[in-house]
Enquirer: 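What follows is a single structure, and I will ask about it in a moment.
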Amino acid sequence: MLLLNGEVPPKNNMKTTPIIGLEVHVELKTKSKMFCSCDANHFHVEPNTHTCPVCLGLPGALPVPNKKACEWCIKLGLALDCTINEETFFERKNYFYPDLAKSYQITQLQKPFAINGKLNIDGHEIRINRAHMEEDTGKSIHIDASTLLDFNRSGVPLVEIVSEPDIQSAQEAKKYLNKIQQVIRYIGISDADIEKGSMRCEPTINIKVEDETGVYYTPLAEIKNVASLTGVENAIDYEIKRQIDQYQSDKITKNSTNKTTRGWDADKNQTFLQREKEGSADYRYFPEPDIPPVIFSKDQIEEIKKTLPELPDAKIAKYKSYDLSDYDANLLAEDLSFSNAFDAIVQALIGKPEFNEFAKFTANLFSGAIRQKLNETQESFDISKLSGEYFSNLFKAVKNSEISSSVAKQVIVESYETAKDPVEIAKEKGLIQVSDTASLEQFAKEVIEANSKAVEDYRKNPLAIGFLVGQLMKVSKGSANPQLAKEILEKLLK
Ligand code: ZN
Ligand code: MN
C-alpha cells in the first residue's frame, strides 16, 4: 500500500492480523419450498419436476411465505443468541442470472429475522451480525459447450448467517463452521452438509498491517465456490499469504482498494480474481410488494424458544461439572442423539456419591466401544435404546473388581444386541475377573514360559513388566485382575 505522499512504507517490524468474516448459507429441510408448495427436496430428483409458476418466476404467480421455514430461521437465531425482530419484511435483490428466473431473489436486507448474536469459539466470542431468510436459486449444469438449467432447487428455503469479521485464522474459521453446523444439526433444521451443498460458505478476508509508519488494511476479498471444510481452511490460508505478499511487494495501489470477489480453485489450491465486487446499491433492493410484513408475537417467539434442545455449549459445561475431561466433554456433545443417550444413562445415579465416577465410566464406554459400534453400523444402531440399568450393573461389577474394564468394553455392545445384562454375559463367557491367586499363578507361569526374551528384558529393566502383564491379560482373555497379575508375575520372577 502507498502512503499518502506516494512513498512505500518500510517492511520491518510489521505486524499482520487477518480479519475474517464468514457468510454461511444453509438450506432448510422443510417439506415444501419457501414461497410455493413444491417439494423442497432436490437431491437425486429428475430435473425440473419440482417446479410451479411461482418458483419458475412466471408472470402473475404470487409467493406465500413458508411458516415453518420462518419459525426455523427464528429458532436458529435464538440458538445463536440473537435478538429476534418481531416484525420483518422481505425484499427483492435484483440481478440477472440464468438460474434466477425472476431476475430477483426474495431475501431480507433491512429487517432480518435475527440480529446481533454470538458464538463462542474456545473462549473467543465471534459476533453474528444477522441470520435472515431467503430462497435458493436454480442450478446451472454445464455440459461441454452447453448449459442446462434445473429449477428444482429454485425457491428452496435458505438461511444466511453473517458473522462480524471477528475470526482471526483459518483454523478458527473452521471451528466456527463446525460449530454452526453442530448447532444447526442439534436443532434439526438442516443436514448442513457442505459436500452436498446444503451448507455453503463464503469467507471474506483482509489483513490489518501495523508498522512504525501506521496502520493499513489490504483490500477486502470475498471467496466463492469453496465446497468443503478443508477447502475453506486452505482458501483462507492461501488468501492471507497472498494479501501479505501483495502488500509487501507493493502491488497494492490506492486505486485497487475496492472489494473483489475471488474464486477458489481446489485443484491448484489457490484463489483467483473473478470480479470487482458489487455494493448492495447495485442490487437495487426494494421491499417485496407481493408479501405483507411478517409478524411473530413475543409469545410465538417464546414458544419457538421452548423447542430448543440443550445446546452444545451447555452440554459441554454440564459434562465438565461431572469432572469429565475437555476431550470427553466435547466428544459426548458432538451430536445430540449421542449426548442425549449418555444423559439418559447417567441420570440414574444423579445425586449419588459415586455419580462422577459412574459418569467417567460411562463416558469411557461411549467414547470407545459405543462410538466405534456407531461408526461401523451407522443408522442400524439405535443408541437411545441402550439400557441405563445395564450400565449401572456393569459399573458396580467393575467397581467390585468382578469384571475388568477391558471386559466391560467387550460386553457392553453385546448387551445391546442381545438385550441381556452385560454382567450375565461376562459370567456366561467366563470373563469374570480372576482374582484368585492359584489361577493367576497358572496364567503367569504360562506367560513366563512363552516369553523368555521379555523376561530377560525385565531383568535388565523392571519397567518391562508391562509387556508381561499385557500378555497375561491376553492369555486370560482380559479377565485377570491386572494389579494382582502384576504382583504375581513380580513374585514369580524374583
Ligand atoms: Zn414451486
Ligand atoms: Mn444470500
Side-chain angles (χ1 to χ4, degrees), residues 21-28 30-42 45-70 72-73 76-77 80 88-97 99-115 128-139 149-163 177 180 184 189-190 192 194 197-204 222-226 259 261 277-285 288 290-291:
L22 280 166
E23 265 178 32
V24 178
H25 284 90
V26 180
E27 267 183 3
L28 301 185
T30 48
K31 283 206 176 63
S32 57
K33 290 188 181 180
M34 188 61 215
F35 298 110
C36 60
S37 54
C38 289
D39 189 334
N41 175 36
H42 59 89
V45 174
E46 175 83 10
N48 297 309
T49 52
H50 293 179
T51 55
C52 73
V54 173
C55 55
L56 287 174
L58 300 186
L62 288 175
V64 178
N66 181 329
K67 188 173 175 216
K68 180 89 274 108
C70 297
W72 281 1
C73 182
L76 177 61
L80 297 175
T88 61
F89 59 91
F90 287 98
E91 293 185 60
R92 289 188 182 179
K93 178 183 182 179
N94 299 280
Y95 66 96
F96 170 79
Y97 205 76
D99 63 18
L100 186 69
K102 301 194 294 293
S103 271
Y104 59 85
Q105 179 193 32
I106 305 180
T107 178
Q108 298 186 304
L109 180 69
Q110 299 175 59
K111 275 265 178 179
F113 275 109
I115 52 168
I128 289 168
N129 174 287
R130 55 160 54 215
H132 72 242
M133 190 77 247
E134 58 187 37
E135 56 175 338
D136 213 342
T137 60
K139 239 182 191 167
L149 291 167
D150 176 10
F151 287 99
N152 284 341
R153 198 180 71 176
S154 169
V156 168
L158 206 58
V159 170
E160 179 176 332
I161 308 148
V162 184
S163 86
L177 290 172
I180 288 267
I184 287 168
I189 61 170
S190 168
I194 298 186
S198 58
M199 175 164 157
R200 310 193 277 270
C201 25
E202 287 155 20
T204 303
E222 183 175 308
I223 308 173
K224 302 264 187 194
N225 324 328
V226 200
K259 271 189 184 179
T261 298
K277 170 94 181 150
E278 307 83 0
S280 62
D282 300 328
Y283 288 116
R284 296 175 293 119
Y285 277 95
E288 165 61 60
D290 291 337
I291 305 174

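Counting starts at 1 for both ligands and their atoms, in listed order.
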Enquirer: To the nearest 0.5 angstrom, please state how far the CG atom of Leu109 sits from the CD atom of Glu134.
Expert: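 Answer for the CG-CD pair, Leu109 versus Glu134, is 10.5 Å.
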
Enquirer: Quick one: the SG of Cys52, the Zn ion (ligand 1), SG of Cys38 angle, rounded to 10°, please.
Expert: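 SG of Cys52 and SG of Cys38 make an angle of 100° at the Zn ion (ligand 1), to the nearest 10°.
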
Enquirer: Is it true that atom OH of Tyr95 has more than 12 heavy atoms of other residues, nucleotides or ligands lying nearer than 6.0 Å?
Expert: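 For Tyr95, atom OH is crowded (more than 12 foreign heavy atoms under 6.0 Å).
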
Enquirer: Please name the atom of Glu134, restricted to N, O or S, that is closest to the Mn ion (ligand 2).
Expert: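 Among the N, O or S atoms of Glu134, the one closest to the Mn ion (ligand 2) is OE2.
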
Enquirer: Salt bridge check: are Glu160 and Arg130 linked by an N-O gap of less than 4.0 Å?
Expert: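 Here Glu160 does not pair with Arg130 in a salt bridge, since their nearest N and O are not under 4.0 Å apart.
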
Enquirer: Could you tell me whether any N, O or S atom belonging to His25 is less than 2.8 Å from the Mn ion (ligand 2)?
Expert: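 Here the distance criterion (N, O or S atom, under 2.8 Å) is met by His25, so yes.
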
Enquirer: Is Cys55 close enough that one of its N/O/S atoms sits under 2.8 Å from the Zn ion (ligand 1)?
Expert: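 Checking Cys55: at least one N, O or S atom is under 2.8 Å.
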
Enquirer: Does a side-chain N-to-carboxylate-O contact under 4.0 Å join Glu222 and Lys224?
Expert: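 Looking at Lys224 together with Glu222, the answer is yes, because their closest N to O distance falls below 4.0 Å.
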
Enquirer: Would you check if the Mn ion (ligand 2) lies under 2.8 Å from any N, O or S atom of Glu160?
Expert: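 It does; at least one qualifying atom falls short of 2.8 Å.
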
Enquirer: Could you state the interatomic distance from CD (Gln105) to CZ (Phe90), rounded to the nearest 0.5 Å?
Expert: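 Rounded to the nearest 0.5 Å, the CD-CZ separation comes to 11.0 Å.
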
